[in-house]
Amino acid sequence: MKILRISIIVLLASLLTVSCDFLDKEPTELTLDDYFKTPEEASSFLTGTYAILSQPTFYGGDYMYLVAGDDLSHYGGSGRGPASTGLICNNATTSDNAVTNFWYLLYAGVNRANIFLENIGKVEGFSTGVKEQYIAEARFLRAFYYFNLVECWGDVPFKTASTQDVKNLDAPRTDKQEIYDFIINEMADAAENGLKSAAELSYLPGRISKSTAWGILARVYLFRAGEHFRENRAANQAEAKDYFEKASFYAQKVTAEGHGLANNYWDFFIDLCSNQYNTTANESIWEIEFAGNNTSDTQAEGRIGNLIGLAGPDLSSKSSIKGKADPGYSYAFIYSTPKLYNLYAKNGDINRFNWSITPFEYKESGGKNTGVTHREFEMGKLAQVMTQYGPKSYQYNGDIEKNKETTNYSRMCGKYRREYEADKKDKNFTSINFPVLRYADVLLMIAEAENEANNGPTDLAYTCINDVRDRAGLDDLPKNMSQTEFRQAVKDERGMELCFEYTRRFDLIRWGEFVKNMQELVPAAQSGENWNLGPTNVYTYFQVSSTYNYFPIPDAEMSTNKYITQNNPNW
């Protein structure tokens, strides 16, 4: 028991390396007795608080196994058995490593923020406004880590003072509504007192801005508005109306900050994959930054594009094969469900369809791992792609099309394409940033919140959702929609726009639809119709119960924390 507790404290002092443009130096390792004494050391310690985000246990890897399984995406691949960790296949246990590590990492982030906030007041010599900015960033990060805890586990232990030693670590669970109040107050106050605007940060999304805080606040309010579904109780209508109004209020504040939608849907993702920011519009609001190709001393890489991406050959050890011959290796663990395919087809949404769901496969004429020579497209897709993002992709002279229409509607995620990374690509690690918040999401949050707060869509709700649809090349929604009709339109739009961006599972939970939507797909998966992978292991991933509205509290925590004697429902 003591070893486990000491390891937690060690983790607090060791998670310091990060890979961001503004976090460009390796922080000094500090002891709990020393903390920091200069502005430079304070900056390094804050870097360590940010560093939690990029760890392999969080956005650097495991998060993709924890929250990716939903009604539009699933773990898959030919002959591939269920994942052995995380909730992605809905087969987790209370001793699951990914769940356990995520729990402790989030508390490590909370504790680093607490240490920072307790000691920053002692440091002198800051330039004007810098100390206030640092304090605001630490407060936001602490609140964000708590939001992840509440979003995943509900009631959790809550501390706003740092852990000073390995004794007396036991703590009871606090009602999540109390923690929500704290999260909201901290994020709102940080935005008003210290955080810089996105414009002041030159719209570089690696650092937290006012826009970040307001956009995430809107997300917090929307999730809180749906908590009654997890609790299996009727909604408090006055309370829900207030939450939706606040969600709209904070999301609208983002619209005054100079953000916009990129010219084309794929522009954002090409920027993301090629280590660029907002080249056609300021759409990216918050990204977790990664860099490098795993060849230098700085270990700053992530797994976006590798765990989730287009399957490509492993040419990482063949230095002579570069450029379009080596578009990058991916395990391609994440596939679309036919529901997503049909959603795009029903709406005639070929722009987002052809980017998000892979319309081709890489091919090697010379044999396995000899270098890509061409792509094989689904029937009718080559010409479409070449009029869309084709000129911005690798060009192959031998591209071909299949001569029959596909009957398989489950395909690899195409959003994160390693071909835009610089040569030479590592097999398992990428420089692609993790997208946490972009402007399209903000607009759709406004549309949803306005519809719910006003018992039907307002003019603003129509404007926001139609802006997103217009960028996708779709017609505006009709102006005579009921609240129920508009609500479904928002849900569909979020699916088409934000699929594979790790928001859908939590959207389904806050809508009270996770179990229903997942179970509805079981017969389709079992039948195999339009779903080649469905009848093997995949259909079991959708046989979920309300248990999966929460993560399990880890066995490791329950065995060491005497105040937690009961797990989440049915775990």
Side-chain angles (χ1 to χ4, degrees), residues 61-62 64-93 96-98 303-317 326-341 356-379 400 402 404-418 425-430 499-500 518 521-544:
D62 283 354
M64 289 171 267
Y65 292 105
L66 291 169
V67 304
D70 57 57
D71 61 342
L72 302 181
S73 66
H74 68 86
Y75 185 84
S78 179
R80 186 171 283 152
S84 59
T85 189
L87 278 73
I88 189 170
C89 297
N90 297 305
N91 60 348
T93 68
D96 185 275
N97 284 335
R303 302 299 297 274
I304 283 283
N306 175 255
L307 299 181
I308 176 172
L310 303 187
D314 178 15
L315 301 167
S316 56
S317 63
D326 179 15
Y329 181 82
S330 173
Y331 291 98
F333 285 148
I334 312 300
Y335 280 66
S336 66
T337 68
K339 181 175 180 177
L340 179 58
Y341 187 104
S356 297
I357 300 179
T358 310
F360 63 82
E361 294 180 358
Y362 295 117
K363 297 294 180 179
E364 299 175 281
S365 296
K368 185 177 180 180
N369 295 339
T370 58
V372 171
T373 55
H374 64 286
R375 297 168 293 185
E376 183 179 43
F377 282 78
E378 298 295 335
M379 184 177 177
I400 59 174
K402 295 179 180 178
K404 291 197 315 184
E405 288 190 10
T406 184
T407 58
N408 179 29
Y409 293 174
S410 176
R411 306 238 285 277
M412 293 177 286
C413 166
K415 275 195 169 178
Y416 310 106
R417 306 192 179 194
R418 298 196 64 186
K425 301 171 180 66
D426 183 78
K427 177 181 179 180
N428 289 321
F429 296 95
T430 82
C499 59
F500 305 118
M518 296 292 278
L521 290 173
V522 173
Q526 287 176 317
S527 73
E529 184 178 0
N530 303 130
W531 201 342
N532 292 357
L533 300 172
T536 53
N537 305 297
V538 170
Y539 75 92
T540 65
Y541 308 161
F542 298 89
Q543 294 175 323
V544 303

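In what follows, residues are counted from 1 in the order of the sequence shown. Everything numeric here is computed off the predicted structure, so don't read it as measured data.
Residues Thr93 and Asp96 bring no donor and acceptor atom of their side chains to less than 3.5 Å of each other. Judged by distance alone, the side chains of Asn428 and Tyr331 do bring a donor and an acceptor atom under 3.5 Å apart.
Other residues, nucleotides and ligands contribute over 12 non-hydrogen atoms within 6.0 Å of the CD atom of Gln526.
By the side chain to side chain donor-acceptor pair (under 3.5 Å) test, Lys425 pairs with Asp423, sequence neighbours left out. Not counting sequence neighbours, Ser336 has no partner by the side chain to side chain donor-acceptor pair (under 3.5 Å) test. For Asp62, there are no side chain to side chain donor-acceptor pair (under 3.5 Å) partners, not counting sequence neighbours. Listed by chain and residue number, Cys89, Asn91, Asn537, Tyr541 satisfy the side chain to side chain contact (heavy atoms under 4.5 Å, CB included) test with Pro82 (two or more places apart in sequence, or in another chain). Checked against side chain to side chain donor-acceptor pair (under 3.5 Å), Arg411 has no partners two or more places apart in sequence or in another chain.
Within the 4.5 Å cutoff, side-chain heavy atoms of Asn369 are placed close to those of Leu315. Glu378 places none of its side-chain heavy atoms less than 4.5 Å from the side chain of Thr358.
Judged by distance alone, the side chain of Glu376 and the main-chain N or O of Ile400 form no donor-acceptor pair under 3.5 Å.
For residues 534-544, there are no salt bridge (charged side-chain N to carboxylate O under 4.0 Å, His left out) pairs, not counting sequence neighbours.
A tilted orientation is assigned to the rings of His74 and Trp531, their planes being inclined by 30° to 60°.
Shortest non-hydrogen contact noted between Asn408 and Asn532 is OD1-N, 3.2 Å. When every heavy atom of Phe542 is checked against every heavy atom of Leu521, the shortest pair comes out as CE2-CD1, 3.6 Å. For Ile88 against Ala83, the heavy-atom pair with the smallest separation is CG2-CB, 3.8 Å.
Phe377 pairs in a side-chain contact (heavy atoms from CB on, under 4.5 Å) with only one of the listed residues (Arg375, His374, Met379), which is Arg375.
To the nearest 0.5 Å, the span separating CZ on Arg417 from OG1 on Thr430 amounts to 15.0 Å.
With ring centers used as reference points, Tyr335 lies 6.0 Å or more from Phe333.
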